[in-house]
Asker: 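Structure in structure tokens, see below.
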Amino acid sequence: MTLYARFAAHLDAILDALEAEGQLPGGLDRKAVAVEPPRDASHGDLATNAAMVLAKRAGTNPRALAGLIAPKLEALDEVSGVEVAGPGFINIRLVPEIWQEELRTILSEGEDYGRSQLGAGTRVNVEYVSANPTGPMHMGHCRGAVVGDALASLLEHAGYAVTREYYVNDAGGQVDVLARSAWLRYREALGETIEIPEGLYPGDYLVPVGQAFAAEFGDRYVAAPEEEWLALFRTRTVAAMLDMIRADLALLGIHHDVFASEAEVQGSGAADRVLETLREKGLIYQGVLEAPKGETSEDWEPVELTLFRSTRFGDDQDRPMKKSSGSWTYFGADAAYHLQKADAADQLINIWGADHAGTVKRVQAAVTALTDGRVDLDVKLVQMVRLFRAGEPIKMSKRAGNFVTLADVVREVGKDVVRFMMLTRRADAPLDFDFAKVVEASKDNPVFYVQYAHARVRSLHRRAAEAGVDLTGTPDLSLLDDEELALVKLAAQFPRVVESAAQAHEPHRIAFYLSDLAAALHAQWNKGNDDPAKRFLLVQNEKLTRARLELASAIGQIVRNGLAIMGVAAAEEMQ
RNA sequence: GCGCCCGUAGCUCAGUUGGAUAGAGCACGAGCCUUCUAAGCUUGGGGUCACAGGUUCGAAUCCUGUCGGGCGCGCCA
């Protein structure tokens, strides 16, 4: 039980007592009552809004009600002071022993500190990356990959049962294009001089695929009509691309539990069943959509399509499930795919590029319709990464094939830097990534600053060992002063940060929190420059050193736990 | 034309799901630091939270409208 939960319980008991005494009417809704650390540390350790929330319904005013609650809080052993402030906040100060105890808890729970049962085993499916299997991963995919993976890990820490999933778009026209591109490389491998026409994939990552085909098939398909080789080449090439993508993802430490195939969804009859289910619910009809507004396209012709009434669920227009050719639209298969996921989960989360924002509502509509509202789908939209090299933007052109691959970036700056940087902005805000800045050893670089904090703790312990500090016996944490306990208070917020980040589906909050914590540690450390008595390592005062080593260990532990959620390894020392 | 996302310090961005005097880093100003514990430290100025209404004890946060930016807008994926 966290400190905050414990005080929420204390407060609940106090409110019960006030009811019993007849000072407060019974049955008040306490849902909005919160016990939280105040923003401003000068307001104390904990604050509650109880008096403000309940006053009106209790027929009194906030400050009067606060005056009833405060003395009962003050009577608690753990509380050193209570004051009513502002419009009716009740600020609580805790005795130092509480924070000494919390420090011990951090150290004893170790890597489990910050884990929570918030999710209570709720099954969450996080679908992320899902890049088309037509080439290597590039930086455009990278951010979604990291955000999705960190979110999955965050949810696990918060007690959810998480499935990491990748949807393979192996059914559309572009995988045919891929197969044709590979076929050209196959002919090339057999000695032909080829030219890659506009519209096919020019990347030389298909060269080895063509060579493998040449080795396996000889010249069997060189002169054969497309029907004879297309399906074969498609399957094989997609498999090769997926191997490549998996290898790229592994460079970032990302491993999915499930790779779901769009072609399989279509071939299994799942899409047909979904269509029938929706039809039974009266959500399918044959109809003609209106021409798009705004830009007039000349080739638009009214065509009757099989439409899903997504407008019933807030979409702007109904959406086609099937093409006029009779094959499934991407959405048609996607609806079936989402039902497949929903069958094994209580919540769905998709990580998508922001350019897919327009398709969110139709898929949410399908999930709501197909699960009768049982399953919630949250779509996190991830904005672009703008690449720079020492301030100069790097231009990428997909058509020319000169995009920056994920593997290149990881090779240059390392997995940990990439992962951390991808989480230094809210997902839906654009992010600048400068190759020079992200490896800079300075305070301006959050990766460095956080890693440095951890390395500093490690270094401190190495120095302490070298100095022969006696580490036996129980450290006396009562030697820590208010400044030092302030560090513990910040560290103690970690479990709350994990829970709120998990609930908001926002892993970047961990990165921001760690930056704050690192800054606080560095600030405390720097005090030792002006005042040697404040240094962590004081050979002439072993007892105090011992207590401070415990403090440093605890901060290091929190940094490590936070980085673990982000999938970043903590540095033992800086190079 | 419509929908979604966004608009917070000169710049880049946070803001604990509606809390108190809106924060951090850069940049700018002023001191300190010639090594004590590894990449400097301390401190100051800087704001109509795009704008206008509304909801309530209380709004950067929720609702409505306006302005501005990004993305998208029949069968692509």
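Note that the coordinates shown come from a computational prediction; the quantities given were computed from them, not determined experimentally. Numbers restart at 1 for each chain; the letters A, B, ... are given by sequence-line order, proteins then strands.
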Asker: Out of A:Leu521, A:Val488, A:Leu490, which residue meets the side chain to side chain contact (heavy atoms under 4.5 Å, CB included) rule with A:Ile555?
Answerer: A:Leu521
Asker: Please determine whether a side-chain nitrogen of the Lys or Arg among A:Lys31 and A:Asp29 lies less than 4.0 Å from a carboxylate oxygen of the Asp or Glu.
Answerer: no
Asker: Please list, in numerical order, the residues of residues 320-328 of chain A that have a heavy atom closer than 4.0 Å to any atom of RNA chain B.
Answerer: A:Pro320, A:Lys323, A:Ser324
Asker: Pick the C1' atom in B:G29 and in B:G46, then give their distance to the nearest Å.
Answerer: 11 Å
Asker: Is the aromatic ring of A:His356 within stacking range of B:G72, meaning centres under 5.5 angstrom and planes under 30 degrees?
Answerer: no
Asker: Given B:G40, B:A20, B:C4, which nucleotide is nearest the side-chain atoms of A:Ala357?
Answerer: B:C4
Asker: Give the nucleotide from the list B:A77, B:U17, B:G74 with an atom nearest to the side chain of A:Glu36.
Answerer: B:U17
Asker: Does the ring of A:Phe89 lie flat against the base of B:A20, closer than 5.5 Å centre to centre with planes under 30°?
Answerer: yes
Asker: State whether the number of non-hydrogen atoms from other residues, nucleotides or ligands found under 6.0 Å of A:Met574 atom CE is greater than 12.
Answerer: yes
Asker: Does a donor on one side chain sit under 3.5 Å from an acceptor on the other, for A:Ser459 and A:Glu573?
Answerer: no
Asker: So if I apply the side chain to side chain donor-acceptor pair (under 3.5 Å) rule between A:Asn350 and each of A:Lys380, A:His356, A:Lys341, which one comes out positive?
Answerer: A:Lys341
Asker: Given the P atoms of B:A27 and B:U42, what is the spacing between them in whole Å?
Answerer: 15 Å
Asker: Here's a test for you: under side chain to side chain contact (heavy atoms under 4.5 Å, CB included), which of A:Leu46, A:Val35, A:Ile90 qualifies with A:Leu11?
Answerer: A:Val35
Asker: Suppose we define a pair by two distances each less than 3.5 Å, Watson-Crick or G-U wobble; what does B:C73 pair with here?
Answerer: B:G1
Asker: What is the distance, to the nearest angstrom, from the NE2 atom on A:His508 to the C1' atom on B:A14?
Answerer: 7 Å
Asker: Give none if B:U34 has no partner; otherwise give the nucleotide forming a Watson-Crick or G-U wobble pair with it, both distances under 3.5 Å.
Answerer: none
Asker: Can you check whether any acceptor in the base of B:U16 is under 3.5 Å from a donor in the side chain of A:Arg509, or vice versa?
Answerer: no
